[in-house]
Amino acid sequence: MKYSDEQLRAGIAAGDVRVIARLITGVEAGDAAVRSLVASLQRATGRAHIVGVTGAPGSGKSTLVDQLALRFRNAGERVAILAVDPSSPFTGGAILGDRIRMNSAAADASVFIRSMATRGALGGLSKATVEALHILDCAGFDRILVETVGVGQAEVDIVRTADTCVVVLVPGMGDSVQIIKAGLMEIADIFVINKADRDGALIVEKDLLALLSLVDLEPGAWRPVVSRTVATTGAGIEEVMTASERHRAWLEGSAQGQARRVRVVAQMLQTLVGERLLAMALQGLGGQVDKFAQECVARTRTPLQAVDGLLALVAAARK
Ligand SMILES: Nc1nc2c(ncn2[C@@H]2O[C@H](COP(=O)(O)OP(=O)(O)O)[C@@H](O)[C@H]2O)c(=O)[nH]1
Ligand SMILES: [Mg+2]
């Protein structure tokens, strides 16, 4: 069925999962009409708390998110899960077991699960994700959990835009050097050492605490929390929830927290402006980028000359 704009707006306001799903599909496909509708949506009151969860494939992110979602829901919240990770499809373990299946009209609308492709059109990833988060926020969810694979810059960028960033580590995988290299020290508000039923969890924790003790924190700054969990049994999940509530309170109730929110939004705006400018600039340039790239490979042009050449074409095209 085709929805009118009015029906879509009313559906979002009512938290209708079919409308939410349809709009997310639209932004994922880059549908211009949907995108402008989404841009005009306003959240009536309050705002969702967005918790980003990142970590290597297999570290237990989906299991953890599932546990968190279930508990937040049982606390009476409306919860959405956005999984930006099709390589590990969301099976909805505990949630399924609890007989709430998302994405179907008959489902309990209090938990909504949706996965999004990690690779879209040029620059499409962060834009579509930001739009999807806005849709979920306007649909009145209290808590939005975003799972991404923390291996690429794009995924780290998504988690960076969350209010609270959870980085999942497991024994025997991420040693401290990897944590630093991946830039995770800067983004993590909560470190979860999952699979704490395995050997080595205490070593990871000790390493991590040693690393964290080297970071100079300004007065009032957030001190990252380190929790050990066994996501498959739910052990330690309460602690993660408590830490995320504390972090939310810090964001909302302190000058440093407010400054951090402004910083995060400013970064996101820069990324989005960058994506849009790039798309605008390259529009109509056709195969020019490839042509310049070939010349760089053939060494008849340096990359910086190629950039100057492309920018000259962009400027000429705008006259
Ligand atoms: N032993 C153990 N296995 C876990 C734990 N958490 C998750 N797993 C298992 O690890 C595998 C990967 O989990 P998944 O949540 O899909 O990881 P993701 O790729 O990070 O989303 C699954 O087989 C889980 O059952 C844990 O705390 N302990
Ligand atoms: Mg997963």
Side-chain angles (χ1 to χ4, degrees), residues 24 28 50-73 79-98 100-103 111-119 125 129 132-133 143-160 162 164-175 178-179 182-184 187-205 207-208 225-244:
I24 293 180
E28 210 173 12
I50 301 174
V51 180
V53 178
T54 193
S59 54
K61 296 177 298 297
S62 297
T63 315
L64 183 83
V65 163
D66 193 54
Q67 289 275 356
L68 288 170
L70 192 63
R71 279 153 208 254
F72 283 127
R73 185 206 66 125
V79 183
I81 298 173
L82 196 63
V84 191
D85 176 13
S87 66
S88 116
F90 215 91
T91 56
I95 292 175
L96 258 186
D98 199 47
I100 339 163
R101 183 74 181 108
M102 275 24 80
N103 287 348
V111 181
F112 173 88
I113 298 185
R114 170 69 190 238
S115 39
M116 289 183 79
T118 47
R119 292 284 168 258
L125 174 63
T129 313
L133 289 173
R143 196 80 55 167
I144 305 173
L145 304 168
V146 188
E147 175 189 347
T148 73
V149 183
V151 286
Q153 190 57 49
E155 287 78 11
V156 171
D157 280 348
I158 290 169
V159 169
R160 205 193 285 275
T164 299
C165 301
V166 176
V167 170
V168 182
L169 304 170
V170 289
M173 271 172 78
D175 67 7
Q178 276 177 318
I179 298 169
L184 296 176
I187 67 161
D189 302 305
I190 302 171
F191 282 102
V192 168
I193 301 168
N194 190 39
K195 307 200 182 183
D197 52 331
R198 294 197 179 163
D199 286 344
L202 286 172
I203 299 173
V204 179
E205 182 173 18
D207 262 16
L208 195 53
V225 172
V226 178
S227 291
R228 269 180 282 132
T229 60
V230 183
T232 37
T233 66
I237 303 291
E238 285 302 329
E239 206 186 315
V240 178
M241 286 181 72
T242 308
S244 96

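We count ligands from 1, going down the list as the structure has it; atoms in each ligand are counted the same way. Keep in mind that the numbers below use all heavy atoms, side chains included, and drop hydrogens, waters and symmetry copies. Residue numbers start at 1 and run along the sequence shown.
- In the vicinity of Ala231, heavy-atom distances shorter than 4.0 Å reach the ligand 1 atoms 6 (N), 26 (C), 27 (O).
- Close to ligand 1: Ala56, with a non-hydrogen atom less than 4.0 angstrom away.
- In this structure, Gly58 counts as a contact residue of ligand 1, since one of its heavy atoms falls inside 4.0 Å of the ligand.
- At a heavy-atom distance under 4.0 Å, only backbone atoms of Pro57 (N, CA, C or O) approach ligand 1.
- When Thr229, Val167, Leu169 are each tested for a side chain to side chain contact (heavy atoms under 4.5 Å, CB included) with Val192, only one passes: Thr229.
- The distance criterion of under 3.5 Å between nitrogen or oxygen atoms is met by Gly60 with respect to ligand 1.
- At distances below 3.5 Å, not a single donor-acceptor pair connects side-chain atoms of Asp197 with backbone N or O atoms of Val230.
- At least one donor-acceptor pair under 3.5 Å links the side chain of Asn194 to the backbone N or O of Ser59.
- Residues passing the side-chain hydrogen bond (donor to acceptor under 3.5 Å, both in side chains) test with Arg228 are Glu205, sequence neighbours excluded.
- Nearest N, O or S atom of Glu147 to the Mg ion (ligand 2): atom OE2.
- Distances from the Mg ion (ligand 2) show that Thr63 has no N/O/S atom below 2.8 Å.
- When the salt bridge (Lys or Arg N to Asp or Glu O under 4.0 Å) test is applied to Glu239, no partner is found at least two apart in sequence or on another chain.
- Counting only heavy atoms from C-beta outward, the side chains of Glu238 and Arg71 approach each other to under 4.5 Å.
- Between Val230 and ligand 1, no pair of N/O atoms sits closer than 3.5 Å.
- With Glu147 contributing its side chain and Lys61 its backbone, the two residues share no donor-acceptor pair below 3.5 Å.
- The heavy atom nearest to atom 14 (P) of ligand 1, out of those in Val192, Thr63, Leu64, Thr54, is found in Thr63.
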